[in-house]
Number of protein chains: 2
Amino acid sequence: MLVGVGLRESKKAATRTALSWAAIQLTVERGLDNVKVEDIAAAAGVSPRTFNNYFGSKAEAIVSRQLDRLRHIADELRRRPPEEPLWTALTQATLTQYQPGPEVVANPIPDPVQWAAGLRVMLAEPALQAELLRTTVIAEEDLAAAVAARTGTSIENDFYPHLVAATVLTATRAATTHYLRTESGSEMEQLLPEALARIAAGLPEPH
Amino acid sequence: MLVGVGLRESKKAATRTALSWAAIQLTVERGLDNVKVEDIAAAAGVSPRTFNNYFGSKAEAIVSRQLDRLRHIADELRRRPPEEPLWTALTQATLTQYQPGPEVVANPIPDPVQWAAGLRVMLAEPALQAELLRTTVIAEEDLAAAVAARTGTSIENDFYPHLVAATVLTATRAATTHYLRTESGSEMEQLLPEALARIAAGLPEPH
DNA sequence: CGCAAAGATGCGGGGCACGCAATTTTCTCG
DNA sequence: CGAGAAAATTGCGTGCCCCGCATCTTTGCG
């Protein structure tokens with residue numbers, strides 16, 4: 001049996017997604033400490049004990065979708081034509097992350113304004129911030145490997161690929177934060193290329 | 001009464017330091033989940049309940065010294081002469097972090113090799129990684145403010161100071177990781193300037 | 001010296017993470 | 001198809017953590 005196509009695999013994936021999605025939704029609605037693991041499990045139609053078979057903590061469940069998305073960046077980078085300049089490829093690869101996936105389209109948000117407000121509250125939770133940062137470090141490994149492959153550097157001995165990966169992911173985080181801080185004068189599709197362009201230019205002082 | 005010089009203040013600071021130090025030491029020795037809050041409190045000569053008056057979690061206690069050190073970077077940056085180029089000042093400011101403070105000199109490590117090994121195990125703990133990353137984000141605010149002051153940009157409206165602060169702190173983290181990953185061919189005093197120089201040059205591919 | 005403010009402590013509760021063993025579901029192969 | 005193997009789900013019990021509240025002790029100040 002090929003991996004990923006059996007009934008088992010698809011059910012597991014579905015449960016995992018349901019748990020993560022339920023965790024996010026409930027947290028955005030009520031706030032993190034008004035959501036018990038019991039609630040999340042119930043919303044996903046599964047026993048409380050099963051929740052911890054999939055995730056080690058509430059925070060991990062909430063953050064898992066973000067981790068999945070960050071992991072795609074490395075894949076996208078590998079997919080870019082090799083003759084493309086590195087920073088062009090990196091910019092394009094990171095931008096793919098902001099195209100809404102099918103699962104978001106399928107689940108339309110009832111009240112976008114209220115949702116955005118809840119999201120901010122959620123992201124202000126220290127425990128979630130910490131876990132969220134950890135996802136970028138995990139994805140960093142993948143991205144560093146892809147950068148190493150593209151630039152002919154070594155993932156084990158060279159500092160370069162790690163530094164580039166860390167910097168790129170930091171730039172996306174900084175762009176996101178800026179986007180949330182200011183009441184969005186500009187969109188991510190504009191902010192992120194700007195950030196990466198600045199970095200590729202060596203972050204010179206403005207004007 | 002001036003802040004910070006009363007008996008009360010100094011006792012509080014001492015207790016805080018003792019708790020954090022005990023938490024680190026015990027964790028390096030035995031591993032995170034073989035250390036109970038009770039143990040840390042006992043080692044610091046204080047009741048278990050008091051521990052949580054100072055820190056919200058074990059992780060926070062362990063990480064608090066690192067946070068203190070990162071906070072100094074912004075102060076150091078402000079102390080650099082204003083005519084100094086930005087990236088020179090940033091490099092110097094971050095380097096001060098690696099001069100061992102008086103409390104480390106006073107408490108000599110019995111077995112440096114074993115200590116280093118324990119440190120690695122400790123830093124591999126997911127919960128600690130997460131909390132450690134959070135400290136950099138907290139320090140990032142301070143640093144961004146200092147960068148804004150030096151470059152005449154706005155902490156509220158401009159993206160630039162945040163991007164610079166985030167990138168610099170990420171570089172120090174990447175350098176630390178590289179230092180721990182490779183069995184230290186080079187020291188931090190060499191690695192960190194290299195990282196910042198690469199960034200100031202726009203991270204070009206190494207020929 | 002005595003009162004007010006602030007910190008330390010003890011107690012108790014809610015909840016989370018996880019090990020273990022039993023049970024149900026899915027897969028594989030004769 | 002059907003039986004046994006493999007894997008996932010579940011229930012139960014445990015240890016610990018974090019925090020609120022009330023009380024007691026220490027420090028600060030006039």
Side-chain angles (χ1 to χ4, degrees), chain A residues 1-20 22-24 26-27 30-64 122 124-131 134, chain B residues 1-20 22-24 26-27 30-64 122 124-131 134:
Chain A
M1 175 73 70
L2 260 52
V3 297
V5 297
L7 217 193
R8 215 136 97 191
E9 323 293 340
S10 62
K11 263 199 175 181
K12 267 192 78 157
T15 301
R16 190 180 174 83
T17 304
L19 281 171
S20 175
I24 294 171
L26 291 174
T27 303
R30 311 184 202 163
L32 185 60
D33 8 76
N34 299 322
V35 177
K36 285 177 287 193
V37 169
E38 187 185 343
D39 304 331
I40 301 170
V46 104
S47 89
R49 181 63 183 85
T50 297
F51 174 88
N52 281 91
N53 291 343
Y54 283 87
F55 300 107
S57 69
K58 270 194 292 182
E60 195 181 318
I62 291 172
V63 146
S64 79
M122 182 174 99
E125 289 280 349
L128 289 186
Q129 282 189 0
E131 200 68 23
R134 218 173 71 84
Chain B
M1 176 69 70
L2 260 55
V3 296
V5 297
L7 217 193
R8 232 177 209 158
E9 325 293 341
S10 61
K11 263 200 176 180
K12 267 191 77 159
T15 302
R16 191 181 172 82
T17 304
L19 281 170
S20 175
I24 294 171
L26 291 174
T27 304
R30 313 184 199 162
L32 185 60
D33 1 85
N34 298 324
V35 178
K36 284 177 287 193
V37 170
E38 188 185 343
D39 304 332
I40 301 170
V46 104
S47 90
R49 180 63 184 84
T50 297
F51 174 88
N52 280 90
N53 291 344
Y54 285 87
F55 300 106
S57 68
K58 269 194 293 184
E60 196 181 317
I62 291 172
V63 146
S64 77
M122 182 174 98
E125 289 281 346
L128 288 186
Q129 282 188 1
E131 200 67 23
R134 217 172 72 82

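First the proteins, then the strands, lettered A, B, ... as listed; each starts at 1. Hydrogens, waters and symmetry mates play no part in the numbers below; they use all other heavy atoms, side chains included.
- Look at CG on B/D39: it is 13 Å from C1' on D/dC17, rounded to the nearest Å.
- With B/K58 contributing its side chain and B/T27 its backbone, the two residues share no donor-acceptor pair below 3.5 Å.
- With A/S20 contributing its side chain and A/R16 its backbone, the two residues share no donor-acceptor pair below 3.5 Å.
- Listed for the A/D39 side chain is a donor-acceptor partner under 3.5 Å among the backbone atoms of A/K36.
- The separation between A/F55 atom CZ and C/dG15 atom P is 22 Å, rounded to whole Å.
- In terms of phosphate contacts, A/K12 brings a side-chain nitrogen or oxygen within less than 4.0 Å of OP1 or OP2 of D/dA8.
- In this structure, B/D33 reaches neither bases nor backbone, as no heavy-atom distance under 4.0 Å exists between it and the strands shown.
- Atom-to-atom, CD of B/E38 to P of C/dG10 comes out at 12 Å; the value is rounded to the nearest Å.
- Proximity of B/Y54 to the phosphate of C/dA8: a side-chain N or O atom is located under 4.0 Å from OP1 or OP2.
- Counting to the nearest Å, the P atom of D/dC17 and the CG atom of B/L19 are 14 Å from each other.
- Atom NZ in A/K58 sits about 7 Å away from atom P in C/dA17, given to the nearest Å.
- Candidate nucleotides D/dC16, D/dC19, C/dG15 were compared by shortest atom distance to the side chain of A/K36, and C/dG15 ranks first.
- Following rounding to the nearest Å, A/E60 (CD) and C/dC16 (P) show an atom-to-atom distance of 15 Å.
- Looking at which nucleotide of DNA chain D each of A/P48 and B/V35 is closest to, the 5′-most match is held by A/P48.
- Closest to the side chain of B/V37, out of D/dC18, C/dA8, D/dT10, is D/dC18.
- Checking the phosphate oxygens (OP1, OP2) of C/dT26, a side-chain nitrogen or oxygen of A/K11 falls inside 4.0 Å.
- Atoms CD1 and CD1, from A/I62 and A/I40 in turn, are 6.0 Å apart once rounded to the nearest 0.5 Å.
- Not a single donor-acceptor pair, N or O on each side, falls under 3.5 Å between the base of C/dG7 and the side chain of B/R49.
- Note: CG (A/N53) to P (C/dG19) measures 10 Å, nearest angstrom.
- The distance from atom CZ of B/F51 to atom P of D/dC19 is 10 Å, rounded to the nearest whole Å.
- Under 4.0 angstrom from either OP1 or OP2 of D/dT9 there lies no side-chain N or O belonging to A/S47.
- Taking a cutoff of 4.0 Å between a charged side-chain nitrogen and a carboxylate oxygen, A/E9 and A/K12 do not qualify as a salt bridge.
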